[in-house]
Every structure is written in C-alpha cells, then in structure tokens.
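First comes the structure, then the notes that go with it.
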Protein chains: 2
Amino acid sequence: MNHHTTDVVLVGAGVAGLTCADRLSRQGFDVLVCEARDRVGGRTSSVLAGGEVVDLGGQFVGPGQDRVYALAAELGVEVVPTHTAGDNLVETDAGRLRRFRGTVPSLGPLALLDLAQAQARFERLARRVDPRAPWTSPGAARLDMSTLAGWIRRNLRTRMGRRLFTLASRVLWAADPSELSLLHALFYVRAAGSLGAVMAIEGGAQQDRLVGGAQELAVRLAARLGDRVRLRAAVRAISQDDDGVLVSVDSGVTIRAHHAVVAVPPPLAARIEYSPPLPALRDALTQRLGMGAAIKCMVVYPEPFWRSAGLSGYSLSLGGPLDGFVDTSALTSERGVLAGVVAGATARTFAVRSVDERRTAVLAQLTRLLGPRAAEPIGYADQDWSAEPFSRGAYSALFPPGAWTGFGAALREPVGRVHWAGSEIAICWYGFIEGAIRSGEAVAAKIAGG
Amino acid sequence: MNHHTTDVVLVGAGVAGLTCADRLSRQGFDVLVCEARDRVGGRTSSVLAGGEVVDLGGQFVGPGQDRVYALAAELGVEVVPTHTAGDNLVETDAGRLRRFRGTVPSLGPLALLDLAQAQARFERLARRVDPRAPWTSPGAARLDMSTLAGWIRRNLRTRMGRRLFTLASRVLWAADPSELSLLHALFYVRAAGSLGAVMAIEGGAQQDRLVGGAQELAVRLAARLGDRVRLRAAVRAISQDDDGVLVSVDSGVTIRAHHAVVAVPPPLAARIEYSPPLPALRDALTQRLGMGAAIKCMVVYPEPFWRSAGLSGYSLSLGGPLDGFVDTSALTSERGVLAGVVAGATARTFAVRSVDERRTAVLAQLTRLLGPRAAEPIGYADQDWSAEPFSRGAYSALFPPGAWTGFGAALREPVGRVHWAGSEIAICWYGFIEGAIRSGEAVAAKIAGG
C-alpha cells in the first residue's frame, strides 16, 4: 500500500481534469491527477497515420468557444481553419450524389423547404431553453416527454427531409434521435448557440482545428503538471467525511485530500464506489445517461485529390457506413486527410467487424463519393469509442426523455467535497472541448474560492 | 486475503440469485452466493411494525405466476388472498372522493369512456409485442421513439383521463411516464398478460400475498443453502478467461469458479468491474436503464376500520403523497394493515423529508380518505428504495426510448462465463417476484445443461 496526501485529487486526465488541475496548481494548490489509461487526453486522441497527425477523437473548435482559443494560445498550440472551398456532397440512400453549398443539402425543393422550416422551428424552440437549468424552461415537461425522433416525425413532412434531419442528428450526437430527449437536443444546441452554428464549418463549430492534434492541449497541460499526473491509476472508490476525501486507486494506492474532482463522463462517474453513498437524485441521474456511439475514421491520401474536382471534401451520406466526413488536411503538408464518423446504431454493427473490413467499407464509400483515387490511401486509422473501457462511448453522455426534468438538478451540484467536471457539466458547449475547459475552470474557481 | 473455489458464484441473494443457487445446488453443483447487504431478499423485505409482519418491498402474487406459487408451496410459505370486499376509493386533485368497483375509477362518464378506450387501445398495442424480443415486434422502432407520456397525451382526451392514466402508470412502474419508452410499457404489460391483469387485485397481479412476508421465500432458500450464502460480501470485480471466473469481494476475498451469475438489477451490474471489459452493446444497455423510484409505506391499525364503512381499502389518490394503497391485513390477525406507495417524482421530494414528516403526511392523507380513525395507527414503517445503495431504486429497471430497439439484444445474453439473472432478465413477468424466479431457474437450467 502506498499513501499520498494532497489538496485536490482529480479523477481523469481529460481536458476538464487537466484544466482544473492546472488552474488550481497555478494558484498554489497541491494537486494529483489520477488517469486510468496510459495516456492523457480523454476523448481527444491524436495519433500518426500515413505520416500525418490525425485526430481519433474530438478535434474541431469554432467561434464562441473563447476558452479553447485562449487555452490553445496560452499553451502555444496553433489554430488553423478547416478547408471549405468547393462544393459539398450528399449521397442519398439510392446512391445518387448531389453537390451543395453551406449546411443544408439540396435534394429537391420540397425536401429543402421541409428542412429549412424544421430548422427554423427547432431554432425557435431552442431559444426558449435556459442552458443553466433546462428543467425550468417554459414547457420543459412537454419538451422532455418527447424524443427527437418523435419531433422529427411530427415536424418534417418529406421522407428525404426526415432522413436528412435524422442523419444530421446522428452526426451531431452520435446517437439515433429515438434515444434523445427533445429537451436535451434543444439544450445542447442552445448551449452552443444555434443549430446552424453547430452544423457549420465556416463560422460554426467545425471552423478551426488544432495543429498537432487536439490531444496537444492535454499533453501540454500534463507536461506542466509533471509527476502530479499519474497514468494507469484507475480510481475505484471515494470516501469522504468532514475532514476530507480518501481516494482509492486500483494499484492499492490511497490518496487523502481536501477535495475530489471527478472529471469523467457521468455514466463512468457512477461506477466509482462512494462512501457515504451518493444522494439518490444524483445516483438516479447517472443511471439514465448513456454515451453516444461513435467510430471516428481517419483516412490519409498523398494529396487532397477531391479539391481538383471542385469538391470541398465535406460530405453527408445516407449510404454509409460514414454518416459524414470532412477535409482535415494540414495546411503545411501536401497530403490529404479526411475525418469521418460512423454514429449510433450503424456504429454498433460496424464495431464488431475487423479493422480491415471497416477500412474496406470506408474506402468503398469514399470511392463512391470521391472517385477511384479514394481507394488508395496511404494511411487509415479508426477508433471505436464504445469499446474503450474508460470512455464507453462518444461524443458525450445523452439525456433520454424525463432525465433533465426529473434529475437535471443533480448534474452539476457537488456532493460535499466531491465535485463534478467534464464536458457534460458545462453550461455552455456541452459535449465540446470548450465545455470541458469551461467546466474545469469553473470547478477550480469554486474550490479556490472556498 | 482469503481464497475460495466453487462451481458457480452468484452475485446477489435476492429471489433470482437464491433460486438459481438452490436449483444448481440440488443438481450437485457447488455454489457460493455473495450478498452485499446484511440480509437476503433483495427487493423483498419483511419487517415487524405494530406487531404485524409488513412488506417494505414486493409482496403481491397472482394468476399466471406459476413459479412463485410452486416455490411458495415447495418452501411451505402459505398464500392468502388480498382483501377486496367493499368499494374502492379515488381522490381527485380537488380533494373529492368517489367510490368505485373494479380497476377503473369513475370520475364522470367522459373520463370513464376516455380511460376505457385508452385501455383497449393499449391492450391491442401490447398484444403486438413479442416479450422474447420486443425489438423485433411489428412497428417496434416507432413504439420505441415515443414515451408513455407522449402516448397518454395523444390518446386520452380528457384532463381527468390523462391524470388517472398517468397515476396508474406511476403505481405500475414507480416512475413518471415521461421516463418510459412506450415499447417498454407495452412489453411489460405483455410479459404479464394484460393491463387489466397487472392492475387488478382479484384475478390480477395483486390477488394474493405470502404469509409471513414475501422475504420468506429468500429466507427459506437461504436457509437451505446455509453457509453457501455470504452476507456483507459486495462483489467489486469479475474477471474471466477460458478456464473460469475470478470474483473479487470487498473484504479482500476472491472466489474462483466455472461460472458467475450476476443477479442484481442491470444498473447495478454495470458498477462491477469486468475483465475483459464487457462488450460495448451490453455496457451501453446498462448505461441507459434507470431504476424506478418507490417509497413503500406500511401503516398498521388496531383493526381494518374502513371495512365497516363499506370500503375495501384499495384507493387511488391524485392528492398524494401515496399514489395508491391497498388493504393487506393478515387473515389471522384482527389488525388492519394498509400498503401504500409513493412513486416517481413525488418519491424523490418525499424522500428528503424525515420519517416523522413522511408518517405525518401519509396519515393526513389516509385521514382525508378513510376518516379520523386513520390518524391513530399502532405501527408505521416505510422504505425509500432509491436510498438503498444495493438497490438504488424500485420496483425495477426501466427502458427509456431507443433502449430496447438499440440495445435490447444484450439484456439476457451471457458474456462468456458471466450470466445475468434477476427480474429484469425474465421474458415473462419482468419486474415481478415471478420474473425473478423464472430468470433464476432459466439460468440454472442453462448452466446445468452445459
């Protein structure tokens, strides 16, 4: 057995935990970050494929995400724009390809009108939601008794409109809209500005990327913290009394501290053993939140060959397996990099195939959309986040119907000396890297403020 | 450290785990049952109040529940009918009282018609659902994208009809209908016969009770198993390989066996650490199932005084805090016993009050409905199942929208040498004591069959 004493123990070396630890450390607190994996970064993970750094997790940043731009600047991580010049593509389920500009694909005037009206209606509803306390929004009970899928059924009239709105929601939440409370979808969008903004590249949430990969933020924060970050240190139990907390780590290590900050997604936070047990409302909340299912697929080519055909690389596809992909080629390299995602139910069936089969299926799809040169990449990497024992899904935890109105009040409220951090705890930019930073800073301020 | 070896380890000494252990043991298997609490019985718990044995957990049995009648007979536990003679009562939110017979309260002809039509429609929908695989039922995707609350809104036209259907669903599932997938509500009813049957006393799921309390089943099964049941032995980790399983118990004990049977509700099964990690589909399922919230309140009087006023004791109330209560007086005693339940959102606010405040509120309600003699009980006991760290809710785990169709296939499927048991695993009578017995017997047969 091995005993440590510190001021604040952080559970999880993702962006939220490390930001919180860094902020506390710089104010003179002694901290210790326990990370279950053998790496930092949580749901950001940057690896080499075909000679390029590619992001297997979260990677985009955009306007309104002030804290991530500030943190990147502070850490010397450069930000570059995502490539957008050229036409976007959409593939129907019948295998037809259509070019479009902006965020709304044009598959006939009726579907376009249908989608435009639905988006306007969704934006209006979202503006009603108070992201600080969605359960107090006007009509919250009614919004929280419907799924997003039910809303799509009732509010879109064309088959193609429904299919595209469903596809967009899969890309946004990595889940099928039948799993999401309408209130959660509205909250999420409100917490990030608007539906238009979360879907857009230029002027929206996919506008920029971090040079060297999004994991760089965590890597550099961890470097500052040095040996105060412990890898392969899964936290199994947290007990607390009036004097402090006692955190038990897998390896038999125990840590005594004044505060604990649990900076892992709520469904995983539920798997730690708490003593005394958590209040029923908090426990019930964590029983209900499920992680989305996303497989991120990164494909590297000798060059971004689609650009010469007038294509931006940004594509949506009803043919799958990728629901969508986007050109994330580096500015300083001649290579072309596509970042795609397989989401929701498709991710669950795709996940059980071998990496080779997945690669083959993705390349076949890219060939359908971008032509034969797509069949010959120089690098491929993918990651099934649901299979990661210390993520168990991505992008974020999702609220089913009844959860915000029944249990939402317990999401951010600390329990004695145990605080909650992570992208899901943020009031703004829930589910984004920005949200992780904001929640980490907020908890640090709270602890430092006494 | 303390090491044991056995054939089968069972996690949880509720009715499912003990039935499974007993069946295996009688076929010559060596078993060991690890129970986290200091008692057996799981979600059945029988205690003394006012000189009577009262049930703080599940207690009713009825026609179609063949296995529980057989087990009771086998163990020498007597079964007696629930008292039904007299008029039932319903209290409106305006405080009006109405007498009625049967299961459908009469609050005006329009509400009655509305409720009758809705019930008929619900029964028709339920008959479509295949309880073995609800996700394959015709129209499953559509049924699983709606909450029960949304269905009530769309299918009942009177305010009183909606309120009473909502009340009934709170009594049935201990949850607000906004939390439940319509498909789950239909499955649950189908797995128990019909809505009429699950709501009814005579001829339905509340027809009979177990003399000495429902916990007697577990107590007598445990007595047979003797020292093969270990109390205060919370299982924290289960690892498996081709040769067997290794189960780690809180106290430092480890047990090697050929099979493990996890017989706790799915949300709690998720909190055990599995090595190798569980398949993503199973993990994602357990992230989504939340336990209902029920506080069972038992009140004992010198006699069942309501009977002399021509009342059965069975009452529904929109005034609360009890959503409903029923006469569970023993046949062999002169005392009167009422069993009530506070469910869903009300349970969560009621839970934070002191036992004295809860008792006062319940007695005030009973006085409103049954008259001044209700203010003077000789015994009161209640139990908030959400506060129990090894139940974390009651009556059962509930499927939100999207969960059956997305993840249902992982509910009953064993993972290598790890099997799942419990009332939630049963194909018939999900959430009932009967379901627990059936699942325990099914897993025992599977393991014994090789």
Side-chain angles (χ1 to χ4, degrees), chain A residues 141-142 144-150 152-153 175-181 234 236-237 250 267-268 270-281 283-291 293 344-345 347-348 351-352 384-390 392-393 397-398 400-403 405-407, chain B residues 141-142 144-150 152-153 175-181 234 236-237 250 267-268 270-281 283-291 293 344-345 347-348 351-352 384-390 392-393 397-398 400-403 405-407:
Chain A
R142 178 107 181 253
D144 206 26
M145 73 166 68
S146 177
T147 64
L148 178 59
I152 291 171
R153 242 195 105 76
D176 292 283
S178 62
E179 285 189 58
L180 264 78
S181 163
R236 298 298 173 189
D250 241 0
L268 299 186
R271 297 176 182 186
I272 295 169
E273 188 204 343
Y274 299 89
S275 171
L278 293 182
L281 194 71
D283 197 283
L285 173 75
T286 61
Q287 289 174 28
R288 282 154 174 83
L289 304 191
M291 302 295 288
R348 293 192 286 273
V352 296
D384 170 19
W385 287 90
S386 298
E388 285 276 291
F390 297 109
R392 279 306 189 185
L398 305 166
T405 46
F407 313 90
Chain B
R142 179 106 181 256
D144 205 27
M145 73 167 67
S146 178
T147 63
L148 178 60
I152 291 172
R153 240 195 107 75
D176 292 282
S178 62
E179 285 189 59
L180 265 79
S181 164
R236 298 298 174 188
D250 240 0
L268 299 185
R271 297 177 182 185
I272 295 169
E273 189 204 343
Y274 299 89
S275 171
L278 294 182
L281 194 72
D283 196 283
L285 172 75
T286 61
Q287 289 175 29
R288 282 156 174 83
L289 305 191
M291 302 295 289
R348 293 192 287 275
V352 296
D384 171 18
W385 288 90
S386 298
E388 285 277 291
F390 297 108
R392 278 309 190 184
L398 305 166
T405 46
F407 313 89

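Model, not experiment: these values are computed from the prediction. Numbers restart at 1 for each chain; the letters A, B, ... are given by sequence-line order, proteins then strands. Just so you know, these numbers use all the heavy atoms, side chains as well, and skip hydrogens, waters and symmetry mates.
Scanning both residues, B:Met145 and A:Ser178, for their nearest heavy atoms gives CB-CB, 3.9 Å. Contact detail for A:Pro277 and B:Pro389: the closest heavy-atom pair is CG-CG, 3.7 Å.
In this structure, B:Arg153 has no salt bridge (Lys or Arg N to Asp or Glu O under 4.0 Å) partners at least two apart in sequence or on a different chain. Considering only residues two or more places apart in sequence or on other chains, B:Asp283 meets the salt bridge (Lys or Arg N to Asp or Glu O under 4.0 Å) condition with A:Arg271, A:Arg392.
Note: A:Ala280 leads A:Ala280, A:Ala345, A:Ala234 in heavy-atom pairs under 4.5 Å with chain B. Interface remark: of the candidates A:Leu268, A:Leu278, A:Val352, A:Leu148, A:Leu278 forms the most heavy-atom pairs closer than 4.5 Å to chain B.
For B:Pro279, the part sitting under 4.5 Å from any heavy atom of chain A is the backbone (N, CA, C, O) and nothing else. Using a 4.5 Å cut-off between heavy atoms, B:Pro400 touches chain A through its side chain atoms alone. At a 4.5 Å heavy-atom cutoff, the contact between B:Leu289 and chain A is made by backbone atoms alone. Residue contact with chain A, scored on non-hydrogen atoms closer than 4.5 Å, involves the backbone and the side chain of B:Ala270 alike. For B:Leu180, no part sits under 4.5 Å from any heavy atom of chain A, backbone or side chain. If you measure heavy-atom distances from B:Phe407 to chain A, the contacts under 4.5 Å come from the side chain alone.
Residues A:Arg236 and B:Glu273 meet the side-chain proximity criterion, which asks for heavy atoms closer than 4.5 Å.
Judged by distance alone, with hydrogens and angles left aside, the side-chain atoms of B:Arg288 form no donor-acceptor pair with the main-chain N or O of A:Gln287 at under 3.5 Å.
The CG atom of A:Asp176 lies 8.0 Å from the OG1 atom of B:Thr405; values are rounded to the nearest 0.5 Å.
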